[in-house]
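This one's a predicted model, so the numbers in the text were calculated from it and none came from an experiment.
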Amino acid sequence: MKKVFIHPKALVETRSIGPGTKVWAFAHVMDGAKVGSRCNVCGHCFIESGAEVGDDCIIKNGALIWDGVTLEDAVFVGPGAVFTNDPRPRSRGLPEAAPRYARREAWLVRTTVRAGASIGAAAVILPGVEIGAFAMVAAGAVVTRSVPPFGVVAGVPARPAGWVCACGSGLRFSGDRARCSACGKAYERHSGKVSFSKARRNP
Amino acid sequence: MKKVFIHPKALVETRSIGPGTKVWAFAHVMDGAKVGSRCNVCGHCFIESGAEVGDDCIIKNGALIWDGVTLEDAVFVGPGAVFTNDPRPRSRGLPEAAPRYARREAWLVRTTVRAGASIGAAAVILPGVEIGAFAMVAAGAVVTRSVPPFGVVAGVPARPAGWVCACGSGLRFSGDRARCSACGKAYERHSGKVSFSKARRNP
Amino acid sequence: MKKVFIHPKALVETRSIGPGTKVWAFAHVMDGAKVGSRCNVCGHCFIESGAEVGDDCIIKNGALIWDGVTLEDAVFVGPGAVFTNDPRPRSRGLPEAAPRYARREAWLVRTTVRAGASIGAAAVILPGVEIGAFAMVAAGAVVTRSVPPFGVVAGVPARPAGWVCACGSGLRFSGDRARCSACGKAYERHSGKVSFSKARRNP
């Protein structure tokens, strides 16, 4: 079984980290965080207690992942991408705000990124959204609403900007059908929702 | 008296840091920076010589705070938030730009964040602005103008997006009066400026 | 000859780093990166194998510079600025995306920043663009297209927002001529392209 690689300048406090995963210099994975197998946790990342990262994920440099954030398998998190878990943050040292921070359930709002999705560089993910399977968030986007499977979003706030194949290439629909020009996968759209085609053979 | 906690992997060079403050892994607080009491300076932060941070502030992971930036008490700075202090930066090694950098007063522009305000995740604060007391800057906003007390701003560039209670909940005005639905605090508005109500009892 | 300064908490693996350059705490310069002379590589930066940085550059704190990125001389990279080198990133652990990552040429797209240009704080540079000589990218901008020499861009996506002198001051054109009110340099514009004036004396 492959070992976990921990760079001598990384700080890994969790024991819940799968074989084949690598954690690089100046990254910090806290006690209580869960990280799957064969992940690449790049330099200067922070993964907080309570965060859950699936297998085969890439967390690029400087990304920040908090308690309440779940990344399913094979998610790409771009460099400098920032998750959040508190929609109306205040200092806990502020008397007017302190009551809200007495109970974790009162302020913590969860976020899920489904398998195969990509979060672009320096994107910001507001709490409470779901990024659908194989979706792609453009670099620099600020995501305030959920993103459907295979959806592309871009801008501040992030708006729909097309569809993307599992392989990462852009999809063009003709009616409610599309075939990826790069890898040949076929897609269909029903009631605005995109999925792999059941009618046609798929590579 | 409570001690300062400095994580073994943090780098704290200043002596001006108050009791009860904690500085976490891979954060760097330079000599000449001032940090108050009971603050939480999270991992990967940078606080430069000349920066001033009040009491009870939370500086989330990876935030960057420079010479010329003053944070009053109980300010929340979100993860990855970036301050600035030079409105037209050039490399000092560029001959055309070097004269401007000979005198600090020629390039350094100051920024103040008033007590109780919140800066959202990955927000960028242009130099020369004042963020008013209890204001809230949305995640991913780029702040180019001052924000009034209790004001909410969002977007790039940041635009007014409502009002917020000291406790962090959104405020809805009816005419020039509002009462927070979460904590009950009363507010009034005169000439467009929001303040705690003097006419009505306030919890 | 001046030595290279490497902070005891920095990690510098490359041997290709010029005299007079300083690398600060928690910065990581990988083996195979090239960094010129008299640069300032500030804290928490990351410079990847394959990146090339000229002489007299300033790389402010937390900036991320990848394989495929070339910075010419005297470039300023603002704090938290993020470059990119993959226009459609996916996890390499995703079976559908793995073939694309078998060959570096299939996914890596290069970016060049010409001499004297400035990248503002927390700006994001999409791959494949060229930032022209002495151009200035505003803080928080997301650059998706090339920027002409002396051009200013701002916003998400970044749009043209004026012209800038080599010294960093804004330029106002009267017809196709401009003179910098700060340093006196003269400029001319032909077919929309700005350059130092050949007709008039230049300081």
Side-chain angles (χ1 to χ4, degrees), chain A residues 7-9 20 24-26 36-40 42-44 54-62 71 73-82 115-123 134 136-142 152 154-158 164-170 180 182-183 185 203, chain C residues 8-13 25-30 43-48 61-66 69 79-101 106-107 111 121-129 137 140-144 155-158:
Chain A
H7 190 283
K9 288 193 181 294
W24 296 95
F26 308 124
S37 302
R38 299 173 304 279
C39 291
N40 203 20
C42 299
H44 301 104
D55 296 333
D56 298 304
C57 290
I58 296 188
I59 318 290
K60 290 292 289 179
N61 303 57
L71 310 183
D73 294 342
V75 165
F76 175 92
V77 177
V82 178
S118 306
I119 310 296
F134 300 106
M136 188 174 275
V137 172
V142 176
V152 179
V156 184
V164 62
C165 179
C167 79
S169 288
C180 176
C183 76
K185 276 211 163 50
Chain C
K9 288 191 182 295
L11 177 57
V12 175
E13 296 164 330
F26 307 123
H28 183 183
V29 183
M30 283 183 76
H44 300 104
C45 283
F46 181 75
I47 303 181
E48 194 179 35
N61 303 56
L64 303 174
I65 300 176
W66 311 104
V69 175
V82 179
F83 285 85
T84 56
N85 63 8
D86 182 353
R88 307 194 74 87
R90 288 294 200 202
S91 171
R92 287 156 195 242
L94 183 68
E96 291 89 342
R100 182 164 169 261
Y101 291 106
W107 62 268
T111 298
V124 182
I125 313 296
L126 274 284
V129 304
V137 172
V142 176
V143 178
T144 60
V156 183

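Both the backbone and the side chain of Pro89(C) come within less than 4.5 Å of a heavy atom of chain A. When heavy atoms are compared at a cutoff of 4.5 Å, Cys165(A) approaches chain C solely by way of its backbone atoms N, CA, C and O. Residue Ala27(C) touches chain A through its backbone alone, counting heavy-atom pairs closer than 4.5 Å. Only the side chain of Leu126(C) comes within contact range of chain A, with at least one heavy atom under 4.5 Å from a heavy atom of that chain. Heavy-atom distances place the backbone of Ala117(A), and not its side chain, under 4.5 Å from chain C.
When each of Leu11(C), Thr84(C), Val156(C), Thr144(C) is scored by its heavy-atom pairs under 4.5 Å with chain A, the top score falls to Leu11(C). Note: Ser169(A) leads Cys57(A), Gly43(A), Gly140(A), Ser169(A) in heavy-atom pairs under 4.5 Å with chain C. Taking Ala138(A), Pro79(A), Ala122(A), Gly80(A) one by one and counting their heavy-atom pairs under 4.5 Å with chain C, the maximum is reached by Pro79(A). Among Cys183(A), Gly170(A), Gly120(A), Ala141(A), the residue making the largest number of heavy-atom pairs under 4.5 Å with chain C is Gly170(A). Among His28(C), Glu48(C), Lys9(C), the residue with the largest count of heavy-atom pairs under 4.5 Å with chain A is His28(C). When each of Asn61(A), Ile58(A), Val152(A), Asp56(A) is scored by its heavy-atom pairs under 4.5 Å with chain C, the top score falls to Asn61(A).
Between Ala139(A) and Val142(C), the shortest heavy-atom distance links the atoms O-CG1, 3.8 Å. Nearest heavy-atom pair, Ala97(C) versus Cys167(A), reported as atom, atom and distance to 0.1 Å: CB-O, 4.0 Å. Contact between Val82(C) and Ala121(A) at its shortest, heavy atoms only, is CG1-CB, 3.9 Å.
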task: Take Arg90(C) and Met136(A), measure what side chain to side chain contact (heavy atoms under 4.5 Å, CB included) needs, and give me the verdict at the end.
output: CA-CA 9 Å; Arg90(C) 288 294 200 202; Met136(A) 188 174 275; 4.2 Å; yes
query: Run the side chain to side chain contact (heavy atoms under 4.5 Å, CB included) check on Glu96(C) and Phe134(A) step by step: do they pass?
result: CA-CA 10 Å; Glu96(C) 291 89 342; Phe134(A) 300 106; 4.0 Å; yes
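Using a 4.5 Å heavy-atom threshold, the side chains of Cys42(A) and Phe46(C) count as separate. Proximity of Asp86(C) to Lys60(A): side-chain heavy atoms (C-beta onward) are nowhere separated by under 4.5 Å.
Side-chain N or O atoms of His44(C) include none that pairs as donor or acceptor with a backbone N or O of Gly62(A) at under 3.5 Å.
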